[in-house]
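First comes the structure, then the notes that go with it.
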2 protein chains.
Amino acid sequence: MPSLTAENYLKTIYHLLEQEPDGVTTNTLAASLSIKPATVTDMLRKLSTDKLVKHEKYYGVTLTDKGRKTALEIIRRHRLWEVFLAQKLQFAWDEVHDMAEQLEHVQSDELIERLDKFLGYPKTDPHGDPIPDKRGKISIHDFKPLCVLTQKQTGVISGVTEHSPSFLQYLEKNGLSLGNEIEVMEVHAFDMSADVKLNQKKVIHLSYDVTKNILIKQHGK
Amino acid sequence: MPSLTAENYLKTIYHLLEQEPDGVTTNTLAASLSIKPATVTDMLRKLSTDKLVKHEKYYGVTLTDKGRKTALEIIRRHRLWEVFLAQKLQFAWDEVHDMAEQLEHVQSDELIERLDKFLGYPKTDPHGDPIPDKRGKISIHDFKPLCVLTQKQTGVISGVTEHSPSFLQYLEKNGLSLGNEIEVMEVHAFDMSADVKLNQKKVIHLSYDVTKNILIKQHGK
DNA sequence: AAACTATTTTAGGCTAATCTAAATTATTTT
DNA sequence: AAAATAATTTAGATTAGCCTAAAATAGTTT
Ligand SMILES: [Mn+2]
Ligand SMILES: [Mn+2]
Ligand SMILES: [Mn+2]
Ligand SMILES: [Mn+2]
């Protein structure tokens, strides 16, 4: 029964550990939560006491099994609510995150089970991110950033690594939604931008800032 | 933008004013919120500063127009979520309240509008209580407690004034759900209990504690 | 009208979550 | 290896929301 605040710490630590698996620093966590490092240190002491994190003073923090399980529960709730908002209430994929940030803290296991069933047990959220099952098991995909594909390689847009409304709206406007096929026509060495063919039709030009944040499931893989 | 705590005060004051229209006392409010009177006095000062309530020291508190509007928004959210839980997630009417207590605090006007639409603009919640519209307009019914009906009078079960799971489960078990027809066969003077015919079939015996909490829409009214 | 009782408010304290400023520790540069 | 710099922790303070105990007020009884 962690507080809403503690839940947000655990979730954020979980996400940051995906980039820095052997420990998240106090500053990184503070920046991510938009609070001061001193506040983070305080909370890490409490989370340590509750055996949710392991904090090596002056080095960094990682999750315990208990902490990881809790984080995955929150992520499960967040992503199921996002599916609900997108599929049932017809919100666009750039609109669902902020509401899910609130809904994820509603405490009721039964509610989440029923919601899962109501949604038809979805495996991914509107951004292509996998939804952990009720036991905290999460499937890991081997999607690659579009920027690592080379000429002639093809695949399906299957996720994003950037969730800001402005980025998602940009993708939507250019027809780059989940499920669409792409083929890399040419990569320009000087700025890493790429020409990409969409659904075997239109060719569009994408900057590196865009291609690095689009995840591709490669064909025949 | 009242806090979650302030929202609960406003909602509770609104409900208590339905019984005591010219002012809710500090003790009543404290009991209703399960906190101490001293704490209530503190919060009432803050809500007064924010022009949400009018507090006459040592007498009682009422809502300002602004406070009433806010309370009705929260009640709207609560009841719409209850409809969602009952109709879409198949929860029983005695299970929805606690989850709605949490969901009602999720802040997003657009979410509530879409939810309302998704549910087909319901006019009442699973307990028969009216759902305020987005402008804070709430329809008032003229349902009467079953206990005031006399022999031979008939009507339809249309609401309850007691929401505890044990009471609601009792009603459910005895077929006393919303929409069912009743006819008063006999009222026993010594304990105010009543024999009531359900859907022109079975006659059941109900104590006063039960009949006073069932609201009836009388036929031809 | 005075005294008593019940209710309400005030005074002073506590905890969770935040902050700023100062002290400490680790890392990098010279 | 010392000094400088950067990151982190500690110390002390603040605010919201709660508490208990004491003081003040209102309502009731004699
Ligand atoms: Mn999200
Ligand atoms: Mn998502
Ligand atoms: Mn309710
Ligand atoms: Mn209800």
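All chains are named by letter (A, B, ...) in the order of the sequence lines, taking the proteins before the strands, and each is independently numbered beginning at 1. Heavy atoms only: backbone and side chains are in, while hydrogens, waters and symmetry mates are out. Owing to the predicted nature of the structure, the values given are computational and were not obtained by experimental measurement.
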Counting just side-chain N and O atoms, does His55(A) come under 4.0 Å of either OP1 or OP2 of dT9(D)?
-> yes
Checking dT18(C), dT9(D), dC19(D) against the side chain of Lys36(B) (C-beta onward), the nearest is dC19(D)
When you get a sec, tell me which of dT18(C), dC18(D), dT8(D) is the closest nucleotide to the side chain of Thr5(B)?
-> dC18(D)
Shortest non-hydrogen contact from Met192(A) to Thr211(A)?
-> O-OG1, 4.3 Å
Phosphate OP1/OP2 of dT10(D): any Arg45(A) side-chain N/O under 4.0 Å | yes
Residue mapping more 5' on DNA chain C - nearest nucleotide basis, Pro37(B) or Tyr59(A) = Pro37(B)
Got Asn8(A) and Ile74(A) here, is their nearest side-chain heavy-atom distance under 4.5 Å?
-> no
Measure the distance from CG on Leu47(A) to P on dT9(D) and round it to the nearest whole Å.
-> 13 Å
dA26(C) P sits how many Å from Glu56(A) CD, rounded?
-> 11 Å
Which class fits the ring pair Trp93(B) and His127(B): parallel under 30°, tilted 30 to 60°, perpendicular over 60°?
-> parallel
Send over the distance from His105(B) NE2 to dG17(D) C1', rounded to a whole Å.
-> 15 Å
Closest to the Thr39(A) side chain: dT18(C), dT10(D), dC18(D)?
-> dT18(C)
Considering only heavy side-chain atoms of Asp42(A), the closest of dT18(C), dT8(C), dG17(D) is dT18(C)
Count the heavy atoms of every other residue, nucleotide or ligand shown that sit under 6.0 Å from NZ of Lys69(A), and state whether that count exceeds 12.
-> no
Report yes if at least one side-chain N or O of Tyr58(B) is closer than 4.0 Å to OP1 or OP2 of dA23(D); otherwise report no.
-> no
If the plane angle is over 60° it's perpendicular, under 30° parallel, otherwise tilted; pick one for Trp81(A) and Phe84(B).
-> tilted
Remember a base hit wins even if backbone is also touched, and classify Thr41(A) as base, sugar-phosphate or nothing at under 4.0 Å, heavy atoms.
-> base
Report the distance from atom CD of Glu20(A) to atom P of dA7(D), rounded to the nearest whole Å.
-> 13 Å
Per Lys46(B) side chain, nearest of listed nucleotides dA26(C), dT18(C), dG17(D) | dG17(D)
For Asn27(B) and dT8(C), is the shortest distance between a side-chain N/O and OP1 or OP2 below 4.0 Å?
-> yes
State whether Lys57(A) places a side-chain N or O below 4.0 Å from either non-bridging phosphate oxygen (OP1 or OP2) of dT24(C).
-> no
Spacing between Leu44(B) atom CG and dC18(D) atom P, to the nearest angstrom | 12 Å
Please tell me which of the listed nucleotides, dC19(D), dT10(C), dC19(C), lies nearest to the side chain of Ala38(B)?
-> dT10(C)
From the list dT8(D), dG17(D), dA24(D), which nucleotide is the closest neighbour of the side chain of Ser3(B)?
-> dG17(D)
Does some side-chain heavy atom of Asp129(A) sit less than 4.5 Å from a side-chain heavy atom of Arg79(A)?
-> yes
What's the CD-P distance between Glu7(A) and dA17(C), to the nearest Å?
-> 11 Å
Between dT7(C) atom P and Leu29(B) atom CG, what is the distance in whole Å?
-> 15 Å
